[in-house]
Amino acid sequence: MPDTMERYCNQLTEFVQDHPTGVAALILTGVGFIALRRWMAGCVCRSKARLDGKTVLITGANTGIGKETAVDLASRGARVILACRDMGRGRRAAEEIRKRSGNGNVLLKQLDLASLESVRRLATDVLATEERLDILINNAGIMMCPKWQTEDGFEMQFGVNHLGHFLLTNRLLPILKKSTPSRVVNVSSLAHERGKIHFDDINLDKDYEPMRSYQQSKLANVLFSLELAKRLRGSGVTVYSLHPGAIRTELSRYLSESLGPIRRLVWGFLFRLFWPILKSPTQGAQTTIYCAVEESIANTSGLYYSDCAPKQPAPQACDDEAAKRLWDLSSSMVGLA
């Protein structure tokens, strides 16, 4: 065995001596890949805050960063309500979250954000059965789907990503105010930077394009947070919006249905190329968790976060007039008195 090991070492030494440039390039590539992965992973929420006696509601918590957020907050002692569309997947996720967190106080409630009636039913249920709600995390979303409509006739991405959460949050404000200090956390995206609110064609009936719709809905999340924070000033309810990062989740599952053949090939190649360096769901959940529990931002409201730190959003996301106009339009669309 020693002779064999010595022979291998000699062969390796000879190979390195014969191919110094190639070996150096290979090492640099490996180091660069590791460094890139660590950079893409982003920051970690360092808060040790406990949530014993507190109640959290998370939409879309049966998969991805929503599920990982639920595991973390349940581990801190919170009563966690999973608001999910698919009850079968929701039950499996709830059981996994209970096991991983060691907290049996994890509930499942049905919520289809593409149905305003479903949103109203959930809100009525929570108001009737829960004594408090300390943290509302609007996490669920849909990305780059074909030109679909919600049950109420709204463009799907705007309806699910913005309108459903807009109505849910407003319906739950009484219990959030009752439970102060409390928080509302809206999961947006870097995609908001290229977004525009098409007030003259909010459902994009004239010119639908999946990415344009997604960008509009994510900008709406940030503008909603801005206006909500203003309206709740002094109430004890604080509001946060955030970009979770580029993550390995199911959010991109509709790409093949919404893109043409050439763009589908390009996107497919890019996804396979960058998939290994994207954030895991656990890494992607860190900024959501930060906004939900970090003590140092307890009295801060209306800001936008990325990698567990405040970041300057796009100029159009800081437009107070647009935020109020979107609020008024959204109120009208969902029938909010």
Side-chain angles (χ1 to χ4, degrees), residues 40 42 59-60 63-66 69 113-114 137-148 154-166 185-199 201-204 207-227 239-259 263-264 266-268 270-271 273-275 277-279 281 283-288 291 302-319 322-323 326 330:
M40 288 289 290
T59 68
T63 188
I65 64 174
T69 300
L113 286 161
I137 300 179
N138 292 319
N139 163 82
I142 186 170
M143 177 183 176
M144 293 182 66
C145 63
K147 183 68 163 69
W148 294 339
F154 305 127
E155 187 275 312
M156 184 65 74
Q157 294 189 78
F158 187 75
V160 169
N161 297 350
H162 170 62
L163 291 177
H165 285 129
F166 176 86
V185 180
N186 294 318
V187 179
S188 180
S189 167
L190 188 68
H192 87 273
E193 293 188 352
R194 298 182 65 84
K196 173 185 177 183
I197 305 299
H198 299 265
F199 287 106
D201 184 24
I202 200 66
N203 290 307
L204 299 178
D207 185 19
Y208 180 80
E209 200 279 324
M211 181 56 83
R212 182 182 298 116
S213 169
Y214 183 68
Q215 291 165 344
Q216 172 178 252
S217 71
K218 294 291 103 178
L219 174 58
N221 293 154
V222 185
L223 289 172
F224 170 45
S225 302
L226 180 67
E227 181 66 15
V239 186
Y240 313 83
S241 63
L242 65 101
H243 167 56
I247 310 163
R248 300 191 297 270
T249 70
E250 299 177 5
L251 194 60
S252 60
R253 60 187 177 275
Y254 298 115
L255 279 175
S256 62
E257 299 179 48
S258 61
L259 300 177
R263 295 185 67 188
R264 191 182 309 153
V266 172
W267 275 97
L270 291 175
F271 264 97
L273 179 64
F274 289 105
W275 188 261
I277 64 173
L278 298 180
K279 287 184 178 182
Q283 293 166 339
Q286 294 306 304
T287 304
T288 302
C291 289
L303 298 186
Y304 172 77
Y305 293 79
S306 179
D307 282 331
C308 300
K311 296 291 171 64
Q312 183 64 32
Q316 65 269 31
C318 305
D319 188 333
L326 176 64
S330 303

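- Ser188 and His243 form no side-chain donor-acceptor contact under 3.5 Å, judged by distance and modelled atom types alone.
- Shown here for Ala191 and Gln215, the closest heavy-atom pair between the two residues is O-CG, 3.4 Å.
- No side-chain heavy atom of Tyr305 sits less than 4.5 Å from a side-chain heavy atom of Lys311.
- Once rounded to the nearest 0.5 Å, the distance linking CG of Leu163 with CZ of Phe158 reads 4.5 Å.
- In summary, the aromatic rings of Tyr304 and His192 are positioned with their centroids under 6.0 Å apart.
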Run the side chain to side chain contact (heavy atoms under 4.5 Å, CB included) check on Asp207 and Arg212 step by step: do they pass? CA-CA 9 Å; Asp207 185 19; Arg212 182 182 298 116; 3.4 Å; yes

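- Val187 has its side chain within reach of Pro244: a pair of non-hydrogen atoms, C-beta onward, lies under 4.5 Å apart.
- Ser241 is not listed as a side-chain neighbour of Asn221, based on a closest heavy-atom distance of 4.5 Å or more.
- Proximity of a side-chain donor or acceptor of Asn203 to a complementary backbone N or O of Phe154 within less than 3.5 Å is not detected.
- Taking CD1 of Ile65 as the start and CG of Asn139 as the end, the distance is 5.0 Å to the nearest 0.5 Å.
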Derivation of the side chain to side chain contact (heavy atoms under 4.5 Å, CB included) call for Asn161 and Ile142: CA-CA 7 Å; Asn161 297 350; Ile142 186 170; 3.6 Å; yes

Step by step, would you call Leu326 with His162 a side chain to side chain contact (heavy atoms under 4.5 Å, CB included)? CA-CA 10 Å; Leu326 176 64; His162 170 62; 4.1 Å; yes

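- Cys291 contributes atom SG, which lies 5.0 Å from atom CG of Leu242 (distance to the nearest 0.5 angstrom).
- Judged by distance alone, with hydrogens and angles left aside, the side-chain atoms of Thr59 form a donor-acceptor pair with the main-chain N or O of Ala140 at under 3.5 Å.
- A distance of 7.0 Å separates CG of Leu204 from NZ of Lys147, quoted to the nearest 0.5 Å.
- Shortest non-hydrogen contact noted between Cys318 and Gln312 is SG-NE2, 3.5 Å.
- The backbone N or O of Cys308 sits nowhere less than 3.5 Å from a side-chain atom of Gln286 that would complete a donor-acceptor pair.
- With 3.5 Å as the limit, one finds no donor-acceptor pair spanning the side chains of Glu209 and Tyr214.
- Residues satisfying the salt bridge (Lys or Arg N to Asp or Glu O under 4.0 Å) criterion with Lys196, sequence neighbours excluded, are absent altogether.
- A side-chain donor from one of Asn186 and Asn138 sits under 3.5 Å from a side-chain acceptor of the other.
- Here Phe199 contributes atom CZ and Gln216 contributes atom CD; the two are 8.5 Å apart, rounded to the nearest 0.5 Å.
- The nearest pair of heavy atoms linking Gly302 to Leu226 is O-CD1, 4.5 Å.
- Taking CD of Gln157 as the reference point, atom CH2 of Trp148 lies at 9.5 Å (rounded to 0.5 Å).
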